[in-house]
Number of protein chains: 4
Amino acid sequence: MTVGTKTKREKLAEREDAIVSAATEAFLEKGMSAAKMAEIAASAGVAEGTLYLYFKNKEALFAAVVARHWESLTEGATAAIAKADSPDDQLEALARYTLRRILADWKLFELSFVLHYPVKEDGVGSDRRGYVRIFDQIVARGIDRGTFAPEADPRLVRDLFFGTIEYAVRSILQTGKNPKLEPVVIMLLTAVRAVLKPGQGQARTPDHAERIEAAVTRLEKLAER
Amino acid sequence: MTVGTKTKREKLAEREDAIVSAATEAFLEKGMSAAKMAEIAASAGVAEGTLYLYFKNKEALFAAVVARHWESLTEGATAAIAKADSPDDQLEALARYTLRRILADWKLFELSFVLHYPVKEDGVGSDRRGYVRIFDQIVARGIDRGTFAPEADPRLVRDLFFGTIEYAVRSILQTGKNPKLEPVVIMLLTAVRAVLKPGQGQARTPDHAERIEAAVTRLEKLAER
Amino acid sequence: MTVGTKTKREKLAEREDAIVSAATEAFLEKGMSAAKMAEIAASAGVAEGTLYLYFKNKEALFAAVVARHWESLTEGATAAIAKADSPDDQLEALARYTLRRILADWKLFELSFVLHYPVKEDGVGSDRRGYVRIFDQIVARGIDRGTFAPEADPRLVRDLFFGTIEYAVRSILQTGKNPKLEPVVIMLLTAVRAVLKPGQGQARTPDHAERIEAAVTRLEKLAER
Amino acid sequence: MTVGTKTKREKLAEREDAIVSAATEAFLEKGMSAAKMAEIAASAGVAEGTLYLYFKNKEALFAAVVARHWESLTEGATAAIAKADSPDDQLEALARYTLRRILADWKLFELSFVLHYPVKEDGVGSDRRGYVRIFDQIVARGIDRGTFAPEADPRLVRDLFFGTIEYAVRSILQTGKNPKLEPVVIMLLTAVRAVLKPGQGQARTPDHAERIEAAVTRLEKLAER
DNA sequence: TATGAATGAGACTTCATTCAT
DNA sequence: TATGAATGAAGTCTCATTCAT
């Protein structure tokens with residue numbers, strides 16, 4: 001009976017999901033260390049010991065919560081930029097989505113960055129990677145298409161992009177109720193474009209700088225041998 | 001007896017200082033929750049109970065650690081921009097100083113943002129204010145002098161400025177050893193100016209010096225291989 | 001179908017045997033309380049729940065392990081004294097066998113005496129009886145034949161006999177590598193005979209013939225290797 | 001004030017004593033693993049945490065209990081043999097005392113031999129040493145005085161002595177109420193003397209047998225290589 | 001008979017904080 | 001003001017045992 005088999009597997013998945021959900025709530029409300037496993041178990045509708053069948057310990061459960069958050073974020077962002085076409089528009093869509101989403105889940109987001117236990121090299125934190133890749137790909141495509149300057153370093157602009165968004169959300173939350181996102185988006189795009197399209201809108205004249213660059217280029221060729 | 005009085009007061013101050021120093025070390029090494037009051041007391045050379053004569057509880061001690069960090073940061077920044085004259089140069093000086101300093105004290109900096117106990121509205125976190133004000137004043141002066149566009153919103157640009165720096169440091173620390181700060185400074189200033197001087201044809205082309213730097217950077221990359 | 005029936009029964013027996021073997025290993029390695037039912041199940045190739053189909057609980061399983069040990073000991077001893085004829089020789093054979101065997105299985109032997117759960121009157125411990133009976137029978141036969149003094153109390157000499165052996169093994173194991181058993185056997189027999197043959201001018205030193213025979217026996221064993 | 005100073009130190013000692021006493025009771029009643037720290041604390045009249053100011057953990061507390069037992073035993077034995085003069089009489093006094101004492105504190109005695117945690121080289125168990133030394137000294141003195149045969153090996157006789165006593169107590173406790181100690185003492189002394197005074201009543205001459213035995217022993221050693 | 005996921009009581013231990021001295 | 005022994009609440013995790021399948 002297919003149903004029976006299915007049920008068995010699904011039950012496990014459902015349970016794990018319930019646990020992670022309960023844990024998310026608890027961690028958000030009380031923070032990592034103040035949240036109690038007993039409460040999480042109770043609110044997930046399982047016994048305490050059961051938690052340890054699904055997650056090795058509290059930290060692992062916490063990691064699962066964080067991981068789920070990033071996955072969800074990544075999925076949402078992928079969907080958000082799907083509608084846009086040009087790299088420029090995609091960047092705008094990503095900015096708007098990230099801003100809104102982080103604003104909504106700020107506490108969870110903040111939780112993601114906290115290191116609670118003696119620093120772990122690739123534990124919590126590695127989850128971000130998938131999300132960041134979305135940005136990198138947009139920039140890469142932009143460079144490919146000639147929309148963005150080829151010498152732009154995606155890793156640098158990335159800092160500009162996400163750093164500004166994160167800080168902006170923090171400011172918004174500190175300031176008060178009335179969150180104005182549009183000005184942030186506009187500023188951010190202005191800044192990002194200034195960096196990704198440095199040459200645009202300026203007359204180009206062969207000058208000292210260019211001659212120096214040419215010389216360096218020759219140097220590079222020399223060095224390559 | 002001036003000396004006697006002075007000694008008495010100073011002793012208290014010294015002791016407080018010793019405690020905060022010991023606490024700083026402990027918090028850095030183990031994090032807020034893993035650091036033990038007993039150890040802090042021991043390494044400060046006082047009894048456990050004495051800690052509570054100077055600080056209400058662990059959290060207050062932690063707040064003191066963070067506060068001292070921000071004060072030191074503010075002092076340093078004030079000194080750093082004193083040498084510069086124009087708002088543009090001051091911004092650059094501030095960027096460079098902040099970047100270097102946060103890179104150096106990253107752990108302490110990170111500690112400052114972590115919420116360890118059930119969220120407290122204005123506890124830890126209010127310390128940042130003094131530091132941020134430095135940035136605001138530079139921008140204000142720039143607008144006064146006509147260097148920056150009057151319609152610029154300092155609070156927005158602030159997010160761009162500090163957000164980028166913080167994220168950049170994080171990236172640098174994650175990536176590896178060889179921290180290249182100049183590219184970040186250049187990008188940051190490009191972005192900030194694009195926002196603060198929107199009329200000026202959008203972006204600023206890097207001048208000779210900057211382009212040479214960029215070329216040299218490429219040389220460095222070559223040398224790395 | 002005889003075969004089918006037989007197979008069925010045998011399967012159960014085999015399984016029980018596997019469980020007891022796995023348990024023995026686990027108890028030896030980790031001790032009673034540190035050994036885990038889950039591990040025992042795994043290493044026996046059955047599910048955890050299955051253990052409880054064969055043994056009521058952990059304690060019962062432990063008891064089975066101990067019981068098997070004593071049974072094996074009893075069998076071995078029976079065989080060992082079968083070759084000897086006179087009560088004197090049987091006693092010597094039993095001493096030598098017990099000494100060797102306890103030395104070999106010391107940990108298991110020690111396990112047999114430990115009380116792990118709130119003292120149980122006749123649980124673990126009753127297994128010894130079969131083994132002890134061998135000794136009693138030898139003494140009884142000796143008294144019958146007139147070899148031993150009729151007023152000797154077997155229960156007392158029993159303490160002398162087994163107590164000395166157990167302690168001697170403990171000493172040997174504590175001291176070091178090079179276990180010299182013969183001196184222990186000689187002393188033990190000297191003592192036992194002094195008690196069992198009080199009239200005979202106290203103790204009986206083995207005479208020339210006996211000692212030479214013993215030496216030759218050892219030579220023969222050497223030759224067997 | 002002498003009283004004040006004294007009180008302070010004494011308070012600690014008293015407390016430690018109270019804890020050890022409470023622990024002894026608990027361990028006797030429930031065994032090592034079933035005894036609960038909480039109960040021990042309560043019955044000692046201190047907080048749970050206080051236990052850990054005096055003893056690192058449960059195991060250390062257990063070790064202290066056992067150590068105190070052996071110390072007390074050693075003291076008692078020393079006193080018991082003080083009255084006797086000749087090695088023979090001292091041996092008898094020691095036998096009688098040990099028998100009575102182990103019978104009285106059997107459970108505690110048994111506890112002393114149990115290894116609860118993964119075997120520890122010199123933890124519990126090393127306490128016995130002081131007690132055993134008493135026996136060794138008596139024998140040594142006896143040999144000095146010519147009361148005991150010089151070729152007697154104290155370490156061997158020790159096994160006879162203590163092994164028999166321990167087993168006898170076990171038997172007595174298993175059998176029933178009416179503990180008859182005298183027969184045991186008599187038998188034990190008979191046996192011990194038979195071993196310690198082998199020459200008595202029998203001429204001993206270095207003879208063929210001995211030379212053969214020595215030769216065989218040498219052969220065995222050769223075979224071992 | 002066999003399974004193994006689930007249970008949940010309970011144990012040890014830690015450590016911020018207090019308070020008598 | 002300073003001490004540091006004492007407190008005791010609280011938390012994580014283990015593991016023998018059960019029971020629905």
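All values derive from a computational prediction rather than experimental measurement. Throughout, a chain's letter reflects where its sequence line sits, starting with A, and its residues are numbered from 1.
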Residues in contact with DNA chain E, drawn from residues 41-57 of chain C - heavy-atom cutoff 4.0 Å: C/Val46, C/Ala47, C/Glu48, C/Gly49, C/Thr50, C/Leu53, C/Tyr54

Residue D/Leu12, side-chain heavy atoms: nucleotide from F/dC13, F/dA6, E/dC15 that is nearest: F/dA6

Rounded to the nearest angstrom, tell me the gap between atom CD in D/Glu59 and atom P in E/dA11. 18 Å

Separation of E/dG8 atom P from A/Met37 atom CE, nearest Å, is 16 Å

Output yes when a side-chain donor or acceptor of B/Lys36 lies under 3.5 Å from a complementary backbone atom of B/Ala26, and no otherwise. no

D/Ser43 and D/Glu25, any side-chain heavy atoms less than 4.5 Å apart: no

Taking C-beta and beyond as the side chain, do A/Val66 and A/Phe27 meet within less than 4.5 Å on heavy atoms? no

Report the stems of DNA chain F as range-with-range entries sorted by first number; a stem here is at least three consecutive pairs, Watson-Crick or G-U wobble, both distances under 3.5 Å, and write none if there are none. E:2-21 with F:2-21

Below 4.5 Å, heavy atoms only, C-beta onward: do D/Val65 and D/Leu108 meet side chain to side chain? yes

Would you say a side-chain N or O of B/Arg15 is under 4.0 Å from OP1 or OP2 of F/dA2? yes

How about B/Leu61 and B/Tyr54: do any of their side-chain heavy atoms sit closer than 4.5 Å? no

Could you tell me if the side chain of C/Glu29 sits less than 4.5 Å from the side chain of C/Glu39, heavy atoms only? no

Between P on E/dA5 and CD on A/Glu10, what's the gap in Å once rounded to a whole number? 17 Å

I want to check something: taking the side chain as every heavy atom from C-beta on, are B/Lys58 and B/Met32 in contact at a cut-off of under 4.5 Å? yes

Taking NZ from C/Lys58 and C1' from F/dT14, how many angstroms apart are they, rounded to a whole number? 11 Å

Distance, rounded to the nearest Å, where C/Ile19 contributes CD1 and E/dT1 contributes C1': 12 Å

Rounded to whole Å, CD of B/Glu39 lies from P of E/dT14 at a distance of 12 Å

Write down the distance between NZ (B/Lys30) and C1' (E/dC15), rounded to a whole number of angstrom. 13 Å

Whole-Å distance between F/dT3 C1' and B/Ile40 CD1? 18 Å

Does a donor on one side chain and an acceptor on the other come within less than 3.5 Å for C/Arg68 and C/Ser21? yes

5′-ward residue of the pair A/Ala35/C/Ala35 relative to DNA chain F: A/Ala35

Is there side-chain contact between B/Arg129 and B/Trp70, with heavy atoms separated by less than 4.5 Å? no

